[in-house]
Number of protein chains: 2
Amino acid sequence: MAPDDTRKGAARMRDVARVAQVSTMTVSRALMDPSKVSPDVRARVAEAVSAVGYVPNKVAGSLSSSRSKVIGLVVPSIENSLFASTIQGISDVLRRHDHQLMIADSGYSAEDEEAAIRAFLEQRVAGLILHDTTHTPAAVSMIRRSGVPVVENGTLTPSPLDMVVSYSNHDASKAMTQHLGRLGYKRIGFVSLPSADNERSRDRQRGYKAALEELGHDFDPRLMLEMPPGLASGAEALLRLVEGGGHPDAIFFAGDVLAMGATLECARRGWPVPGKVAIAAFDNFDLLGHLVPPVTTLRLPRLEIGRRSAEVLLDRIQGRSSAAVSVDLRFEIIHRGST
Amino acid sequence: MAPDDTRKGAARMRDVARVAQVSTMTVSRALMDPSKVSPDVRARVAEAVSAVGYVPNKVAGSLSSSRSKVIGLVVPSIENSLFASTIQGISDVLRRHDHQLMIADSGYSAEDEEAAIRAFLEQRVAGLILHDTTHTPAAVSMIRRSGVPVVENGTLTPSPLDMVVSYSNHDASKAMTQHLGRLGYKRIGFVSLPSADNERSRDRQRGYKAALEELGHDFDPRLMLEMPPGLASGAEALLRLVEGGGHPDAIFFAGDVLAMGATLECARRGWPVPGKVAIAAFDNFDLLGHLVPPVTTLRLPRLEIGRRSAEVLLDRIQGRSSAAVSVDLRFEIIHRGST
DNA sequence: CCTGGAAATGATACCGATACCATAGACGCG
DNA sequence: CGCGTCTATGGTATCGGTATCATTTCCAGG
């Protein structure tokens, strides 16, 4: 059967070429870099493209040019809304630069992260953004061999794979603890997520202890707790610390939505905040500002982390930079009624 | 220069083939369908793969086989945590089936949705999941011509592009309104998102009116409002309705976090809920159950929508189904203290 | 012992673009 | 007027796999 216009399936570049009466090479140029083609031809190609309903095949394009416009992102959990802002920031920048975003979640497991990374490398992504800063050895070696640029953004790790964009969890935690100290609180409790596989969590704990030391407070293990994330978990942590013999006059919740759960629990019990106990949070959910009382927290540059991650990655990909990059973004304390 | 083991760049299948002393075709088979090669060869190939650090190139594979394992998802906003559960559900199922997820957001604009769809089709995705049910004509025609299977899941639209997985916004809205009626509320207010480009919002409005009719209540335009999403917006809606002459004794907030903003505003003002006004919500943020008072809301199958969307899409892609699919998922009313 | 067919493997074309180099014409300048 | 140079365009190899068909080997069954 001779090829004709009625063939099934998507139109290919050669169909456009035939209609426009030029070679495929010229069509390719007309689409990639119109300045290299005469206005006349450019118009004929444009016409032919819409006539045949041509949708370029980037798979073939990527293979041929060994370039891709896809970025792979691995977050611990998609459902956790804390990451949503960062993802949005990445997405915004990528869209502006005509790149695509692939997402996978590791479920907080380094093995699943490795699998996700492998899948992305198989897709020959142009770059990777990883939230976590701890990886399996296999993942590290795959990434190294592939030569793909990487941005990590969970915390300002001292030994990055490649580039880092984050804020310092240590400094933020320390700053908030000192803030509480300066407000006159003497027995400052601290609740974080489990630190076992979580460098961020460890950084926050170290920051807390560093601040206590500078404040001249003794560290009291009865005032420190690790809890899984969640509203109920925050409420439970509150009760355990308040009734646990440590007699806290303030508690700093450095983990996902824990502070919210604790504040709501106080409301349910009618405990005055900060009368009974002061509460400070780590995450900047806007909701915290609307609770009664509004909760003191940190403003973390989550959207900015996403944006900058995408930007430094694109810079590297497009050869505008080659140096090691480490971007330390600012955080800020938002003082509110709860402390 | 003769090819040798020290060449730069990623190892290719032919490198594996050389080391394993077989043809590339055999390597391909050993990786794709091990049952088609002898155990001996299978072992040699496996060894060679790790020896050279081979990472298959799916770009080349997709081009050659004209199959892909990438699914494209377009949501109105990534940052909006309501979609996060759905995305998580999709991601979970895709991971189990060895597929990848590409995400784009439309920023609630049909034009941007079209651009995202075009980009996905250029990547030759195997399937599309779209949250919205209204699309530009160009988007519709591109999708049709491409033959790519599509799932829409914003609402149970009567005229889907292809497959639908959702719950009925109309029925859910009606059910909640009737619930309020049965509780004895006589002047039920209703706040939704702008309906102009939003079929979901329109469905909810129609459900509200249908319920009023069945309850024998007259529709009072002073009791109905459209507001943009957001906490502050919910607070404002509350004030406008309460002080607007409609004298509501209950308000049903059928839009993102509006109910939360309203409930928190009541707390700030010391208005008893439901003494001053009862409040019901549409979205099932778990937070709503922890407010004081806990807020009556709907349990919507967000995670399930994601899972089922991915499942029906994969079924179609893998040829296990071809019929039109419309999955109507259940919702549920969670009665709490606010009503 | 011959033959048919299944199992294992290989040779080669091809997927749909882009890279690279060649070529034809136009134009400027000594 | 000849030559170099630049612009616009095309021919062809190639990216790294998979599809298809051919080939070889081996064994069962008559």
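Applying the 4.0 Å criterion to OP1 and OP2 of C:dT9, one finds that B:S38 has a side-chain N or O inside that range. The side chain of B:S28 places no N or O atom within less than 4.0 Å of a non-bridging phosphate oxygen (OP1 or OP2) of D:dG17. Remark: A:S23 is not in phosphate contact with D:dT9, judged by side-chain N or O atoms under 4.0 Å from OP1 or OP2.
In this structure, A:Q123 atom CD and D:dG16 atom C1' are separated by 14 Å, rounded to whole Å. When rounded to the nearest whole Å, the span between CG of A:D33 and P of D:dA8 equals 11 Å. One interatomic measurement links the two molecules: CZ of A:R18 to P of C:dG16, which rounds to 13 Å at whole-angstrom precision. Straight-line distance from the NZ atom of A:K36 to the C1' atom of D:dG10: 14 Å, rounded to whole Å. If you measure from atom CE of A:M13 to atom C1' of C:dC15, you get 14 Å, rounded to the nearest angstrom. Here D:dT9 presents its P atom at 13 Å from CD of A:Q21, a figure rounded to the nearest Å. Residue A:D15 contributes atom CG, which lies 11 Å from atom C1' of C:dG16 at whole-angstrom precision. Between the P atom of D:dG17 and the CZ atom of B:R14 lies a distance of 9 Å, rounded to the nearest Å.
For the pair A:D33 and A:K36, the salt-bridge criterion is not met [side-chain N within less than 4.0 Å of a carboxylate O]. Note on A:R118 versus A:E114: salt bridge recorded, some NZ/NE/NH1/NH2 to OD/OE distance being below 4.0 Å.
Out of D:dT9, C:dA17, C:dT9, the shortest distance to the side chain of A:Y54 is found at C:dA17. If you check C:dT9, D:dT9, D:dG17 against the side chain of B:V37, the one that comes closest is C:dT9. The A:N57 side chain lies nearest to C:dG16 when the options are D:dG11, D:dG16, C:dG16.
Between the side chain of B:E122 and the backbone N or O of A:P56, no donor-acceptor pair lies under 3.5 Å. Remark: the backbone N or O of A:L63 is not paired with any side-chain donor or acceptor of A:S66 at under 3.5 angstrom. Counting only distance, with no hydrogens or angles, the side chain of A:T86 and the backbone of A:R302 share a donor-acceptor pair below 3.5 Å.
For the pair B:R124 and B:D40, nearest-nucleotide mapping onto DNA chain C gives the more 5' position to B:D40. DNA chain C is contacted by both B:V22 and A:L63; B:V22 maps to the nucleotide lying nearer its 5′ end (nearest heavy atom per residue). Toward the 5' end of DNA chain D, the nearer of the two residues A:T24 and A:V41, judged by each one's closest nucleotide, is A:V41.
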Identify all pairs in which a protein N or O lies below 3.5 Å from an N or O of nucleotides 19-26 of chain D, and state each distance.
unit_1	atom_1	unit_2	atom_2	d
D:dA19	OP1	B:R67	NH2	2.3

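Within the 4.5 Å cutoff, the side chain of B:M163 has no heavy atoms near those of the B:V150 side chain. Taking 4.5 Å as the limit, some side-chain heavy atom of A:L101 sits within range of a side-chain heavy atom of A:I87.
Partner of B:I129 under the side-chain contact (heavy atoms from CB on, under 4.5 Å) criterion, out of B:V312, B:I103, B:L313, B:V165: B:L313 alone.
Residue B:V59 is out of contact with every strand shown, counting any heavy-atom pair closer than 4.0 Å.
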